[in-house]
Amino acid sequence: MSKFYVTTPIYYVNGAPHIGHAYTTILADAMARYHRLKGDDVFFLTGTDEHGLKIQRAAEERGISPQEMVDENSQKFRDLFERLELTHDRFIRTTEDDHRKAVETMVERMRDAGDIYLDKYEGWYSASDEAYYDESEIEDGKAIASGSEVEWVEEESYFFRLSKYEDQLLEWYENNPQAVAPKARKNEVATFVESGLNDLSISRTTFSWGIPMPDDPEHVLYVWVDALTNYISAIDAFEDTDNFDKFWPADIHLIGKDILRFHAVYWPAFLMSAELPLPEQVYAHGWWTVEGEKMSKSKGNWIDAFELADEYELDVLRYYMMREMPLGKDGNFSKERVVERNNAELADNVGNLVNRTLSMAQGFIDGIVPTVSDEPTEDEDIELRNLCIQTREAVDKAMNDRQPHRALEEIMALSGETNNYIQTVQPWTLKDDETRLGETLYSALEAIRFVAVLLSPFVPDACGRILDGLGTDDDLRTIESLDKWGGLEAGTEVEKPDVLFQKLEAPTDDDTDEDEDEPVSDDETTDEEGANLISFDQFLDVEMRVGEIVDAESVEDADKLLKLSVDVGDDTPRTVVAGVAQTFGPDELTGWKVTMVTNLEPATLFGIESQAMLLAAERDDGSFALARYPDDVEAGTSVS
Ligand code: MSP
């Protein structure tokens, strides 16, 4: 069995979580879920980074103790991840005891390697970035890269011999092309290392909120030494359990592009010094802009992660973020795009496919998976099967290449092709050919299983409901179950799930953050061209049958209404209130066979519950005409 260890950055707890924090953790969650579905032993780590000058100052500003502030804010992240239904195996806090012990051991190992010495630091520091900067990286009192303010620092400090690791780092990048990704980021880091590394100041004496330097408690460890070590402390490094041996090295450290240097230069150097294996991959994703602009509190376009979770269904949010932002590139968060992707890709493509197929399965084959031959024989079915198998492989490749947006593209293409397949084979025309009808519905249902299993790490709730609807057990929800076609078993009962994806209305110009996008139901269309059209699937939702009027009487005080008793093929006739009394007298209609809608919600008129609806044509003068069926058409016959 393979293992998969994925980490997110641990988040600073000086404030509340925003869209960037939600994004990385959702991304890691989708990767973790995907690998679990592959049967891998997965460890998914996230948590909070709670020490350092930035945190201490934020607490001072609020007039509370750092401990009080980190407890409060760390809880917000924990709550957020619960709200987002994330599946992390550990939420680490750097103020935890086992973490502190691991950091101490790590530093002792670096010291034992001869890599730590005492000196004096003189230079620039940004508390906001928790980073040291060279003179060349500063302009007008600010770090060029981040725009954060810097301050001059002069104090005694322990140093780590980062310069010693220059060649080893360059070799690591060279020999492991996937180690730092995307490639452009690797080049950026390699150039930085080639330009020469200074030793790194790893302790401070002018503040106290951190882990003390072992054997010299006057010094507080640099927060990045403390923070980076979370990736191994969380899996019990230096402890007597097998977690570390099992999971280390990490398969992927997911990070944002701004913290690349810490992860791709400092962290591997610390590990080399401590004689520990290096991570398989450090992957830097881009940043979200918001409606085309850099997100900032002062611009008022800050997206709070809880508000995001309140505004959108989790499935929609997850799908949008992972589909919209190619991993490694920046992405733009736009409400309009969320609506577009939701409506066109989730609702109209996947939702429609599942709806129409399961409606047909229920209507045409009693909701029971039919028996078909092991291998499809018709060209269309063979093509669909091949596409399913290819998509499963393409998704796996995309996930290994860390391109979840491409995986989603492939899955959507399969869903679209399955819709096309249905359009081509037209199961509704095959009612007289039971074998072919069964084959086509089987193919469509099995293709839906492929779509739902592959999509489930990204869109877990709806896919879980689709797979429930298909009656699949856990074995049929794994990636392995997609190795071959035909997993869905004959005789399984299938059922159409409730609305999977609500259509959303496009945001209006004056939409503000407070505005709720009222969802409209799947049944309505907001597409102007299609405003008067319903999908075939929507049509299938209306159940019509031949009804024989067995009795009719007037309704007291309602001169337009007749109370009909209509045989629609059920055990007993239904009561129907129809507004045709000014055209037909009560005696006239008995024995007529007409069209009835039989799955409308009952309505009560003049105290009488009407259990079906009579279809009639209304002339301009307000009188009605009824279409009648010949006598040999039996009551209850379905009309379509
Ligand atoms: N505590 C450090 C990480 C330590 S890891 C050992 C830290 N924390 S942070 O809370 O400031 O940032 C966490 C992550 O959020 C970073 O990966 C950063 O890139 C990411 N993002 C911040 N703004 C973002 C966007 N607008 N979009 C996407 N991600 C963004 O750094």
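Quantities reported herein were computed from a predicted structural model and do not represent experimental measurements. Every number for a ligand or one of its atoms is a count from 1 in the order of the listing.
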Within the supplied structure, the quantity of interest is the number of heavy atoms (other residues, nucleotides, ligands) at a distance under 6.0 Å from Glu174 CD; does it exceed 12?
no
Please confirm whether Phe333 and Tyr320 have ring centers closer than 6.0 angstrom.
yes
In a simple table, one pair per line, please give the protein and ligand 1 atom names for every N or O pair closer than 3.5 Å, along with the distance.
from	atom 1	to	atom 2	distance (Å)
ligand 1	1 (N)	Ile10	O	2.8
ligand 1	1 (N)	Asp49	OD2	2.7
ligand 1	10 (O)	Tyr12	N	3.2
ligand 1	10 (O)	His21	NE2	3.1
ligand 1	17 (O)	Gly256	N	2.9
ligand 1	19 (O)	Asp258	OD1	2.4
ligand 1	19 (O)	Trp287	NE1	3.0
ligand 1	26 (N)	Trp288	O	3.2
ligand 1	27 (N)	Trp288	N	2.9

Identify, with sequence neighbours excluded, every residue that meets ring pair (Phe, Tyr, Trp, His ring centres under 6.0 Å) alongside Tyr133.
none
Could you note down all residue pairs passing salt bridge (Lys or Arg N to Asp or Glu O under 4.0 Å) where residues 194-206 supplies at least one of them, sequence neighbours left out?
Glu155-Arg204
Salt bridge (Lys or Arg N to Asp or Glu O under 4.0 Å): which pairs involve residues 259-283, sequence neighbours left out?
Glu137-Arg261
Pick one: which of Lys329, Lys335, Arg341, Arg318 meets salt bridge (charged side-chain N to carboxylate O under 4.0 Å, His left out) with Glu324?
Arg341
